[in-house]
Novice: 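Take a look at this one; I'll ask things after.
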Amino acid sequence: MKLLIDSDDNEYLLNQQHLLESNGIPAYISNRDSNRVIPFGISKAGLWVYMDEQYDEAMALLKNPNYVVQKQIDMAQFRELAEEIEQDRSGFNATMRDLLLGSVLLLTAIFGFIYLFDRFLS
């Protein structure tokens, strides 16, 4: 991912993102809510292009909205793939959470058993 522009104006970034994506260039806005949380523009929102090889065309399109993008991506396919990846990540996160919870419960049971055994022997 490469940064295209940063700004305090979320509406402007959303419009630019729409321009890019309607022309087959997947884009992402980072720190979208940062200027509400962190005042005075310390942390600006940024518009990023997902695919580095589309950076030059994305910049050309942002400078000239009539530019015709040569290497367009099928946005429906891109979103579908991104959703699949997110679901896979969610499944992995749930598995890791369950393993951590199981480990904590097991350790609690072991330490509880040791504590009770020690009190029983005293």
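Just so it is clear, the model here is predicted, and its values are computed rather than measured. This chain uses plain numbering: 1 for the first residue, then up along the sequence.
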Novice: Between K71 and E53, is there a side-chain heavy-atom distance shorter than 4.5 Å?
Specialist: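 The answer is no; the side chains never approach within 4.5 Å.
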Novice: Give me the atom names and distance for the closest heavy-atom approach of A76 to D74.
Specialist: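 A76 and D74 have their closest heavy atoms at N-OD1, 3.0 Å.
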Novice: Does N23 reach the main-chain N or O of L19 with its side chain, forming a donor-acceptor pair under 3.5 Å?
Specialist: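 Looks like yes, one N/O pair under 3.5 Å.
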Novice: In Å, rounded to the nearest 0.5 Å, how long is the span from CZ of F113 to CG of L116?
Specialist: 8.5 Å
Novice: Identify whether L4 and Y28 are in the same connected component of the hydrophobic contact network (ILVMFWY, side-chain heavy atoms under 4.5 Å).
Specialist: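 No, L4 and Y28 fall in different hydrophobic clusters.
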Novice: Nearest 0.5 Å please: distance from the CD atom of E84 over to the CD atom of E80.
Specialist: 5.5 Å
Novice: Name all pairs fulfilling the ring pair (Phe, Tyr, Trp, His ring centres under 6.0 Å) condition that reach into residues 1-26, sequence neighbours left out, sorted by first residue then second.
Specialist: none
Novice: For the side chain of Q54 and the backbone of A27, is there at least one donor-acceptor N/O pair under 3.5 Å apart?
Specialist: no
Novice: Any link between I25 and L14 through a network of hydrophobic side chains (Ile, Leu, Val, Met, Phe, Trp, Tyr) touching at under 4.5 Å?
Specialist: yes
Novice: Contact between V69 and L61 at the side-chain level, heavy atoms closer than 4.5 Å - yes or no?
Specialist: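 Result yes, sub-4.5 Å side-chain heavy-atom pair found.
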Novice: Could you see if Y55 belongs to whatever hydrophobic cluster contains I29? Use Ile, Leu, Val, Met, Phe, Trp, Tyr and a side-chain cutoff under 4.5 Å.
Specialist: yes
Novice: How about R79 and E21: do any of their side-chain heavy atoms sit closer than 4.5 Å?
Specialist: yes
Novice: Do Y67 and L62 sit in one hydrophobic cluster, given that two such residues count as connected whenever their side-chain heavy atoms are within less than 4.5 Å of each other, even indirectly?
Specialist: yes
Novice: Group every Ile, Leu, Val, Met, Phe, Trp and Tyr by side-chain heavy-atom contacts under 4.5 Å, then state whether M51 and L20 land in the same group.
Specialist: no
Novice: Does the side chain to side chain contact (heavy atoms under 4.5 Å, CB included) test come out yes or no for K44 and N31, once each step is laid out?
Specialist: CA-CA 7 Å; K44 291 184 178 184; N31 300 327; over 6 Å; no
Novice: Among I5, D6, D8, which residue satisfies the side-chain contact (heavy atoms from CB on, under 4.5 Å) criterion with L13?
Specialist: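 It is I5, the one option of I5, D6, D8 that forms the side-chain contact (heavy atoms from CB on, under 4.5 Å) with L13.
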Novice: Judged by atom type as modelled, is there a donor-acceptor pair below 3.5 Å linking the side chain of Q70 to the main-chain atoms of V68?
Specialist: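 Yes, because the side chain of Q70 sits within donor-acceptor range (under 3.5 Å) of the backbone of V68.
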Novice: Looking at every heavy atom in both V49 and A58, which two are closest together, and how far apart are they?
Specialist: CG2-CB, 4.4 Å
Novice: Excluding sequence neighbours, so at least two apart, what forms ring pair (Phe, Tyr, Trp, His ring centres under 6.0 Å) with F78?
Specialist: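 For F78 the ring pair (Phe, Tyr, Trp, His ring centres under 6.0 Å) partners, ignoring immediate neighbours, are Y50.
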